[in-house]
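Being a predicted model, the structure only gives us computed values, none of them experimental. First the proteins, then the strands, lettered A, B, ... as listed; each starts at 1.
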2 protein chains.
Amino acid sequence: MADGTGTGVGDGGHDGMRKRAGRAELSPEKVLAKAIEVIDSDGLEAFSMRQLAKGLGVTPMALYWHYPKRHDLVRAVVAEVLSDVVPAHAPHWEDWLRDYMHRFRAAIARHPNVAPLIGGQLISNVSGNLDMIEALLTRLEEAGVPEHRMVQAYNSVMGGMVGFVTQEFALVPAQSDAGWDSRMKEVLGGIDAERHPHLHAMRSRMENRSFILRWENGATKPMDDSFDTFTEVMIAGIRALTV
Amino acid sequence: MADGTGTGVGDGGHDGMRKRAGRAELSPEKVLAKAIEVIDSDGLEAFSMRQLAKGLGVTPMALYWHYPKRHDLVRAVVAEVLSDVVPAHAPHWEDWLRDYMHRFRAAIARHPNVAPLIGGQLISNVSGNLDMIEALLTRLEEAGVPEHRMVQAYNSVMGGMVGFVTQEFALVPAQSDAGWDSRMKEVLGGIDAERHPHLHAMRSRMENRSFILRWENGATKPMDDSFDTFTEVMIAGIRALTV
DNA sequence: ACCTGAACACCGTTCAAGT
DNA sequence: ACCTGAACACCGTTCAAGT
C-alpha cells in the first residue's frame, strides 16, 4: 500500500532466511510503523530520522536506504493515516457527505499529531486518494451542483473539511514555551464588558473550546459539536449552490 | 503594536544618541521587519535565527535579547501579518461576512509564506484579535444565530476560513524533492476513464487548480473563484442555522 | 542489497563575558 | 542595557566503506 520508494522491493531470494551480521532486518513497513508509533506517543517533534533510528536500534543512515528523503517518509505517514478513511455508503448525498467528513476527521483523530503534516504542506502522494476524490465528485453531481461550479464546490468541501480538522488538531506550543496558556487565560479573564460585550458574555462557553481562544487542541479538547455544525453548514451551503 | 517581549522597552535615556562599540542598534521592530522580509523573499525555510542574524549583521545571540525564544518572534510575525486585516463595514451581515473572509485571505495573500505558521500551530498572542472576534460574534447574532449555537457557528466560520486559506497557501515541497510535480502530472495523466469517470472528465479543469491535485500553491495559483464559492457556501450555511 | 561510520553544514539555545 | 563568543545538543544528508 504505502511502498516507500519502490527501491527496496524484492529480496532477490537467494540468501533465503539467513540473517547476516550488520543487517537489522529493516523494511519500509517497519520504519513507517515505528514512525507513526513515535509520532502518536511522543509527538511530532520526536519524529526525526535520528531519534527514529535510535528507536529502531539502527544507524540513522539505515533509514535512507528505504526512504531516500525524510519527506518520502512524511508522505508515507500521511498516506497511511488517510488510508484509514473508509468510504461512506449512505444513499442520499447529504447523509453521505456528512459521513464522509466525519470519517475524515475520525482518521485524523486517531493520529492527531500528524495533522500539521497534512495541513501544512502540499502532499504529492495522491494515488490512494483518487477514489475519495471520485466519490466526492459523484455525490456533488448527484446533489445538483452544475458542472461549471463543480471545481469550486469540490475545493470548498475539501478545503473546508481538511482545513477545519487540521486547525482543530494544530500543534500546541512546546513545553519550552511555558506559561503561554496562563497568559492566554489572563487575556480571557481581562476581557472588557464594554469593548467586547458579546465576547464577554460568551467567554466561559468559548474559552479553550473555540479557535484562537484555546490552549489545548482537538487531541484533548475535541470540537465535536462544532464540527457537526460545520458539516451542516457545508451541506446547506452546497444545497444552495444547486439552484 | 507588536512589542516583542516587553523586556527591551525604554532606553533609560541617559546615554542619549551616542553609539557604542559592540552595539548593533537592534530593536524588536527591526528584527520583526527583517524576519517578514526574509520570509517573503526567501521562504519559510530561510527563517532561522542564525540566517536572520546574518542578514542583520549581528550575532545570532543578539536576537535573543529582543525575542527570548524563536516562538516569540513567530508570534510577532503572525500578529503583524494579521494586523493587516482591516475590519469590514457593510451594513448587512451577509455582505459583512463575505468582506471579512476576503480581507482575511487578502492579508495572508500579502505574505503567503507565513500561512503554515498560522495553520500549523496554536498561536497564543490573541490580544490584537479580540476586536475581530467580537465583530464576528456581533454579526452572527444579527444574522439570527441562536445563542446555544453561537460557539459552533463561530468555530465553523473561523475554522473554515482560516483552514481553507492556510490550505490554499500550504508549503510547497522544497527543491530537494525534485520531480514530485512531474510524478503528480503523471498520476493525473494516467487517470482511468472507467474507474474514475468524473475525475477523468474534470481533469483539465482540476489539475493544479484544486486541493490534492496541484503542485503549486495559492502564491502562484490563487483559488479566487473557489474561495468566492466557499464564502457563499458558508453564508448560505449560516443562514440555514437561523431557523 | 542493505547497513555502518565518519563527516559536513546546518539548527535553537545556554552560559559567561564584554562595554 | 545590549551585544559578542564559545560551546552544547541537536538536525538532515552525502560519501566511502563494509558484508
Reckon [X] has a side-chain N or O less than 4.0 Å from the OP1 or OP2 of [N]?
X	N	answer
Lys69(A)	dT14(D)	yes
Lys54(B)	dC10(C)	no
Gln51(A)	dC11(D)	yes
His66(B)	dA1(D)	no
Thr59(A)	dC3(C)	no

Met101(A) side, atom CE; Met234(A) side, atom CE - distance, nearest 0.5 Å: 5.5 Å

State the CG-CD1 distance between Leu82(B) and Ile212(A), to the nearest 0.5 angstrom. 8.0 Å

Nearest whole Å is fine: how far is [N] [atom2] from [X] [atom1]?
X	N	atom1	atom2	result
Leu52(B)	dT13(C)	CG	P	13 Å
Glu45(A)	dC11(C)	CD	C1'	15 Å
Trp65(B)	dC15(C)	CH2	C1'	17 Å
Leu56(A)	dT4(C)	CG	P	11 Å
Arg70(B)	dT14(C)	CZ	C1'	18 Å
Phe47(B)	dC11(C)	CZ	P	12 Å
Asp72(A)	dT13(D)	CG	C1'	13 Å
Met61(A)	dC8(C)	CE	C1'	12 Å

Could you work out which one of [options] sits closest to the side chain of [X]?
X	options	result
Met49(B)	dC3(C), dG12(C), dT13(D)	dG12(C)
Val58(A)	dC3(C), dG12(C), dG5(C)	dC3(C)
Tyr64(B)	dT4(C), dC3(C), dG12(C)	dG12(C)
Arg50(A)	dG12(D), dG12(C), dC3(C)	dG12(D)
Ala62(B)	dT13(D), dT4(C), dC3(D)	dC3(D)

Verify the neighbour count for atom NE2 of His102(A): are there more than 12 heavy atoms of other residues, nucleotides or ligands below 6.0 Å? yes

Should the heavy atoms of other residues, nucleotides or ligands under 6.0 Å from CZ of Arg110(B) be counted, would the total exceed 12? yes

If you write DNA chain D from 5' to 3' in dot-bracket form, with Watson-Crick or G-U pairs under 3.5 Å, [ ] for crossing pairs and | for pairs with another strand, what do you get? ||.|||||...|||||.||

Considering only distance and modelled atom types, tabulate donor-acceptor pairs under 3.5 Å from the side chains of residues 159-168 of chain A, sequence neighbours left out.
from: Thr166(A); atom 1: OG1; to: Val162(A); atom 2: O; distance (Å): 2.9
from: Thr166(A); atom 1: OG1; to: Gly163(A); atom 2: O; distance (Å): 3.1
from: Glu168(A); atom 1: OE1; to: Arg105(A); atom 2: NE; distance (Å): 2.9
from: Glu168(A); atom 1: OE2; to: Arg105(A); atom 2: NH2; distance (Å): 2.7
from: Glu168(A); atom 1: OE2; to: Met223(A); atom 2: N; distance (Å): 2.8

Taking only distance into account, with no hydrogens and no angle test, what donor-acceptor pairs under 3.5 Å do side-chain atoms of residues 44-60 of chain A form with protein atoms, sequence neighbours excluded?
from: Ser48(A); atom 1: OG; to: Gln51(A); atom 2: N; distance (Å): 3.1

Verify salt bridge (charged side-chain N to carboxylate O under 4.0 Å, His left out) between Asp72(A) and Arg75(A), making sure each step is shown before the conclusion. CA-CA 5 Å; Asp72(A) 295 318; Arg75(A) 245 200 311 266; 2.4 Å; yes

For Glu186(A) and Arg183(A), run salt bridge (charged side-chain N to carboxylate O under 4.0 Å, His left out): C-alpha distance rounded to whole Å, both residues' side-chain angles, the deciding distance at 0.1 Å, then the answer. CA-CA 5 Å; Glu186(A) 209 176 318; Arg183(A) 263 182 286 136; over 6 Å; no

